[in-house]
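So you know, we letter chains A, B, ... as the sequences are listed, proteins then strands, and number each from 1. Excluded from the calculations below are hydrogen atoms, water molecules and symmetry mates; all remaining heavy atoms, backbone and side chain alike, are included. Please read these numbers as outputs of a predicted model, since none were measured by experiment.
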2 protein chains.
Amino acid sequence: MTERRYSFPNAAFTSCIFNQSLDTFLRTLPASFVILTDENVFNANPGLFAEKETVVIPAGEENKVQSTVDSIIEKLLQADIDKTSYLVGVGGGVVTDMAGYVASVYKRGMHLALFPTSILAMVDASLGGKNGVDVGMYKNMVGTVYQPEYIVFDFQFLNSLPEEEWVNGFAEIIKHACICDLSLFELLEQTTLHNIRQDPTWVASLIERNVEIKMGIVTRDEFEKADRKLLNFGHTLGHAIEKLHHIPHGHAISVGMVAACTLSEKINGLHFSESKRIISLLTKYHLPVDIETDYSRVFEVLKRDKKREGKHIHFVLLDKIGAAHAEPVSLDFLQQHLKDLV
Amino acid sequence: MTERRYSFPNAAFTSCIFNQSLDTFLRTLPASFVILTDENVFNANPGLFAEKETVVIPAGEENKVQSTVDSIIEKLLQADIDKTSYLVGVGGGVVTDMAGYVASVYKRGMHLALFPTSILAMVDASLGGKNGVDVGMYKNMVGTVYQPEYIVFDFQFLNSLPEEEWVNGFAEIIKHACICDLSLFELLEQTTLHNIRQDPTWVASLIERNVEIKMGIVTRDEFEKADRKLLNFGHTLGHAIEKLHHIPHGHAISVGMVAACTLSEKINGLHFSESKRIISLLTKYHLPVDIETDYSRVFEVLKRDKKREGKHIHFVLLDKIGAAHAEPVSLDFLQQHLKDLV
């Protein structure tokens, strides 16, 4: 077990604990707790939740909605959970988002610990405190920024993770490499997903490196005034595509990253050879790089993006592999060029 | 117009602007806005909202629920409101609570300005960032602490405020006097509600004094680790009674304050002459000091109070008029003595 503690400017902190089981973690927790998980994780790990107060929600992004939040809150009230208890979210990104949101509003804020069980949740969703609830077609329209006190990584969970979930998670790893870590990008170019999966030490160190990247960014800029924006690389068009086509998050942001590369070529002079390298890497990790879509519907969803300010959307553009910046791009420009992007 | 700026430790600030109209305020606002108000305020001030983007909710505490939040969010999305806009809550405590909560979760946080129109909202509900949504029998079970950037006071609104709303608001003013301002208590003893209402200058200075009291406390202790707890004087039993009997908030906390005085006599040695003075003052301001109730049901609601921690509830006890402290009181003790309290 190793522990890394990240401090936020307002004196909050998040402790990342690597290689610890849920049972060991819960034994050391200094207060009572209630677990939140989904049906998939619950059914796949029957012994894990025995004799622990557990709220189980249905699995899947389509359940990341207010009615699920309402039902969790009702169960917490029925179980007389007070605000000094920990809500421990055990699962993928949907569970960690729901746990974060519920913990932030239940009795105006209860303690929160996260236990990500997928690559995506380990390198992205569980980190940095952002949570979200979808409203209709629009992702994360409601949410808060609420830091977990603990994020616990038990890499054993990855043993049973299906292939498509590995692919899904690597989209965010490649994103990190693109925006700020050229040497990680090169490392990924030199190996394959198959090779990485064969080597648990490799997997653990890769995840720890990505935790370090994201926590470094979010502790410097918790409320997305500056560098945290960069983590949205690929996510603006990605979210629109995800909602319209109901494809996995990683697939959608892979397509979104390619679109953002094309936009970076147009606006920012990104060299096309850099885009090509990114497309090759995404393809190598089994991620899609384009999609047949209805451009007018993509634009309709895009207009309602959280990052829109008036007639502009803050878009993350790549300068080169390993360096990016955010700048406002006009909706008109996007509408005009959307066909060339995806 | 006078402006007083209060700073929070995390660099957030709230600017309290006294004697300014809604129109003047909105003209100076540096961004676009959408107004949230209720049917009563909307219908009573027909000209005020003309040609302004306005979301109107039904009036009354029974609408301080999640379904109202959902409908507000839907309307904000339909109107394409982005997170750089201000949500401007114009109304009493229900509206300022709903505005605060929605602003804190809409797109993970939009700008917030409050425009309290009742005494209660001016001296209490709009101040300090706490908001809440009721769940079933339980008040404010869901909520956040989210500071408005502006709180604007237009005392003109009080001209049409009904008598019972004045009485309602004075419960919180007397609460402030009890916990930390003996000279305010004496001032209130020496006059009457009728006299105060005759004199707009008196009213304005009384409200400003109460704003100063509450903002002083909440800026020193935003997250209720210490002195902010004192503002809950009368509110623990008060909330239970409010929910069970559907009586106005001020009436309920008046009964709650008398109960807390009796408890303070038992636990804390508060002299009974102090309780008697408080009962006299509440009565003088037309507030009830007892109620016929079902003790077992009061206890059931009490058990689910947000301030419960395990087998205790943090209760605010009076040392003397003008001085109070919070301490954990066991649920067993409360159950046993409930009949003597209310």
Side-chain angles (χ1 to χ4, degrees), chain A residues 8-12 31-32 65-67 69-74 76-85 100-102 104-110 129-133 135-146 222-224 300 303-314 331, chain B residues 8-12 31-32 65-67 69-74 76-85 100-102 104-110 129-133 135-146 222-224 300 303-314 331:
Chain A
F8 290 84
N10 66 351
S32 59
V65 291
Q66 185 61 41
S67 59
V69 173
D70 295 343
S71 78
I72 297 167
I73 285 169
E74 230 163 81
L76 297 183
L77 284 173
Q78 277 162 14
D80 266 351
I81 303 298
D82 67 41
K83 58 184 290 175
T84 62
S85 295
Y101 185 59
V102 168
S104 73
V105 301
Y106 184 73
K107 300 191 179 181
R108 296 203 190 98
M110 67 185 293
K130 273 195 194 176
N131 54 59
V133 174
V135 181
M137 292 290 286
Y138 311 109
K139 268 186 73 88
N140 299 330
M141 278 296 133
V142 164
T144 56
V145 180
Y146 193 73
E222 186 176 9
F223 295 106
E224 203 168 305
E300 280 310 304
K303 277 201 316 195
R304 287 183 167 75
D305 190 278
K306 272 194 309 303
K307 294 176 287 296
R308 179 174 65 80
E309 288 185 13
K311 294 191 182 311
H312 291 79
I313 291 189
H314 281 272
L331 282 171
Chain B
F8 290 85
N10 67 352
S32 59
V65 291
Q66 184 62 42
S67 59
V69 173
D70 295 344
S71 77
I72 297 167
I73 285 169
E74 231 163 81
L76 297 182
L77 285 172
Q78 276 162 14
D80 265 353
I81 304 299
D82 67 41
K83 58 184 290 175
T84 62
S85 294
Y101 186 59
V102 168
S104 73
V105 301
Y106 184 72
K107 301 192 180 183
R108 295 201 190 100
M110 67 186 293
K130 274 196 195 176
N131 54 59
V133 174
V135 182
M137 291 290 284
Y138 311 109
K139 266 186 75 85
N140 299 330
M141 278 295 134
V142 164
T144 56
V145 180
Y146 192 73
E222 187 176 8
F223 295 106
E224 202 168 308
E300 281 311 303
K303 277 202 314 196
R304 288 183 166 75
D305 190 278
K306 272 194 309 304
K307 295 176 286 297
R308 179 174 65 79
E309 288 187 12
K311 293 190 183 311
H312 292 78
I313 290 189
H314 281 272
L331 282 171

Which region of [X], side chain (C-beta onward) or backbone (N, CA, C, O), has a non-hydrogen atom less than 4.5 Å from a non-hydrogen atom of chain B, or is it both or neither?
X: A/Tyr101; answer: side chain
X: A/Thr144; answer: both
X: A/Asp80; answer: both
X: A/Lys307; answer: neither

Heavy-atom closest contact ([X] atom, [Y] atom, distance):
X: A/Gln78; Y: B/Arg304; result: O-NH2, 4.2 Å
X: A/Arg108; Y: B/Asn131; result: NE-O, 2.6 Å
X: B/Lys107; Y: A/Asp305; result: NZ-O, 4.1 Å

Worksheet entry | Non-neighbouring partners of B/Lys83 that pass salt bridge (Lys or Arg N to Asp or Glu O under 4.0 Å), sequence neighbours left out | none
Practice prompt. Under 4.5 Å heavy-atom distance to chain A, tell me which part of B/Leu76 shows up: side chain, backbone, both or neither.
Written response: neither
Fill in: Which residues share a side chain to side chain donor-acceptor pair (under 3.5 Å) with B/Ser71, sequence neighbours left out
none
Practice prompt. Answer whether the closest heavy-atom distance between the side chains of B/Met141 and A/Leu77 falls below 4.5 Å.
Written response: yes
Practice prompt. For each of A/Glu309, A/Gln66, A/Glu224, tally heavy-atom pairs with chain B at distances under 4.5 Å, and name the one with the top tally.
Written response: A/Gln66
